[in-house]
Amino acid sequence: MRINFPDSSTKEYDAGTTGLEIAGDISPGLARNALIVRFNGELLGLSEPLHEDGSIEILTFRDEEGKKALRHSCSHLMASAVLKLYPGTRFGIGPSIDDGFYYDFDIQDFPGISVFGEIADEMKRQIKENIPFIRKEMSYEEAVVLFEEKGEKYKLELLKELRDAGESISVYSLGGFVDLCRGPHVRSTGYMKNFELLSTAGAYWRGDEKNKMLTRIYGTVFDSSKNLKEHLSMLEEAKKRDHRKLGPELGLFKIGGDGGPGLVYWLPAGTIVREELENHWKKAHVKAGYQLVSTPHIAPVELWKTSEHYYYYRDNMYFLNMDKGEYALKPMNCPGHIIIYRNSKRSYRELPMRLAELGMVYRYEKSGVLHGLMRVRGFTVDDGHIFCTEDQIVEEIQKVVRFALYFLKIFNFGYKIELSLMDPADPDHYAGKPEEWMKVEPALARALDEMGEDYRTVIGEAAFYGPKIDIKMKDALGRYWQGPTIQFDFNIPQRFNLTYVGTDGQEHRVFMVHRALYGSVERFIGNLIEHYAGNLPCWLAPHQVVILPITKSQLGKAEEVESILTSSDIRCSIDGRSETVGYRIREAETSKIPFMLILGEREVESDTVSLRIHGSGDRGSMKLDEAIEIVMAGCRRPELP
RNA sequence: GCUGGCGUAGCUCAACUGGUAGAGCAGCUGAUUUGUAAUCAGCAGGUUAGGGGUUCAAGUCCCUUCGCCAGCUCCA
């Protein structure tokens, strides 16, 4: 049979040759690293004999599919160990996830994390035995008999679904553990030496809270102990950077408790961070052609009915009953901006009209989902709404994408872009006319293409009211977060009958885009804290400079320096307490103040100052002017776009 | 919301099977005038998250409410 390789070379093999043999033929190294193969688009195990001509790709841990196969395999291994230790266990599902895998078990009286050691030991034992995964295809009826015998009610449920979907049935056995599974898997347990069991949690069968809660065990596995260690230390580092710990420590904010769950109280230092971010945002928006507006926190329920939020978002809204009418706290800013757009008859000459507001919104979130600044009940959306004509769509989208990337660049975030389109199989799910979708979806793709940006298209992920572009931002630990989002809306312009008068004197339906760049100011600050491990860029630092006179006799000079810096808009203070210099430096370091200026007798005499920079230590003495120049340059706000 | 875990001073943590709530840091007062990550001494700080119960006796055991954490579902 003739086999094609990704580099478009071709080679002849005997029918029945396996993927592993082909990998070995290319190089012993590849055979060692190979996990699975992709043959004619289908993922297969390495030991499966190939019988026809086709193209092959040998997949290793570096390939997403290879990584998934290893992790998924490890979930089987863990399940096999659990079965050995807890024979009555029933099995749910055990997929690979972003950074590892999990398996859901129905175990009677599971003691919890304390038995991870035993499970891990059993896994290691099975790894040493190097037990092979054995794949078997069978009919639905055979599979039903097999799993009924074992009392695997969850598997039987899955089986029925597979049958209804007309899928073929395959099972994999690993020693005594037999699982319904499409595969593929790595060849044997010997591949999974570098695993770690991480945590346990409850999870409902099929994610439905009406179902029984199963015990979920999370773990991860890597191709090398080095990579495993790196990952585990990243998790440690993430814990250290947790904004819920750093934020209160640095005096930035307090959340919840007496103040109410999910509600943020910004302390003075945190308020400075917020104001800096918001001021920069406002200036940048004005420069980018937005008009700033401001809308009330509450609005009559009628407005939310027209916008339809009342019907599909009611469970997340707070209501107020006053006077004769009912009001709701705004969960979104759009209706407010609509009121402003509709305030007068609009002409094409006014378009594109870009309205922007840092609008505080309130959403009732279930208590269990609250999480630091990332998930709260009151937050500030850096909202913007663009009203434009069809011809302006591509250019406006490009402007917004560029603008969003500008904000990510300021903070050195990486990013990836996702374009979410409608599901053509389910057209009734969506608001707006099909022809509007037909116009806008290709325009979004074209906007990104023309900019040369890479993006992933996700079919069926569009909001019901329109397609969207989501930018995921990548932080210093390589984690992705929800970042800027740009969403078309066909629903609101229709519901509110938003129009403009065109050159032809006729009224036309306006196109509308929602966009948020920080997303939520609160969440964004949470991201910044973790991204920078609390060492915010100097322009955001609540306290930028502390001046440390060594003795009281330098106080006069210290005040002189302070007034120079203060008049240049630098946030600084003098720490003249009668503590040792070491003590005061330590305190400045732990509170992450970027610059320390130390003044002793020597410095005062020579009109110099000793500069110390947070994290990098003593910079020695220098002319006062020079030090001030360094501080001012360090604290300079980012250039506007 | 659901399942599980947790809740002791502003923070980090002690208090054996129920038997007088205790330290370090931070705070305050005083001494010290200091040269690049912790000077010394003293003082103060608590209805052990709130409520109820069992007991001669509850931080500890039971019930309940609240809050926090992990996960599920959802999401900016």
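It should be emphasised that the depicted structure is a prediction, and the values quoted were computed from it without experimental measurement.
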Phe105(A)-Phe91(A) aromatic ring centre distance below 6.0 Å: yes

Arg244(A) side-chain N/O to rA70(B) phosphate OP1/OP2 under 4.0 Å: yes

Sugar-phosphate, base or nothing in reach of Gln482(A), heavy atoms under 4.0 Å: sugar-phosphate

Under-4.0 Å side-chain N/O to phosphate OP1/OP2 contact, Thr580(A) with rU39(B): yes

Validation row: Phe413(A), Leu405(A) side chains within 4.5 angstrom (heavy atoms): no

Nearest-nucleotide comparison on RNA chain B, the residue closer to the 5′ end among Tyr364(A) and Ile585(A): Tyr364(A)

Interatomic distance at C1', rA44(B) relative to rA23(B), whole Å: 15 Å

Arg612(A) vs rA37(B): side-chain N/O to OP1/OP2 distance below 4.0 Å: yes

Whole-angstrom distance between rA21(B) and rG59(B), as gauged at atom P: 8 Å

Distance test, side-chain N/O of Thr551(A) to OP1/OP2 of rU34(B), below 4.0 Å: no

Value in whole Å for how far the C1' atom of rU36(B) lies from CD of Glu587(A): 15 Å

Nearest-nucleotide 5' precedence on RNA chain B, Gly368(A) against Gly617(A): Gly368(A)

rA70(B) versus rG42(B) - spacing of their P atoms, nearest Å: 41 Å

Sugar-phosphate, base or nothing in reach of Tyr583(A), heavy atoms under 4.0 Å: sugar-phosphate

Under the side-chain hydrogen bond (donor to acceptor under 3.5 Å, both in side chains) test, residues paired with Glu453(A) that sit two or more places apart: Tyr415(A)

Between rU64(B) and rA15(B) - P atom distance, rounded Å: 27 Å

For residues 312-319 of chain A, dump all side-chain donor-acceptor pairs below 3.5 Å to protein atoms at least two apart in sequence or in another chain.
unit_1    : atom_1 : unit_2    : atom_2 : d
Arg314(A) : NE     : Tyr310(A) : O      : 3.4
Asn316(A) : ND2    : Tyr364(A) : O      : 3.0

Short side-chain N/O contact to rA70(B) OP1/OP2 from His371(A), under 4.0 Å: yes

Asp607(A) atom CG: more than 12 heavy-atom contacts under 6.0 Å: yes

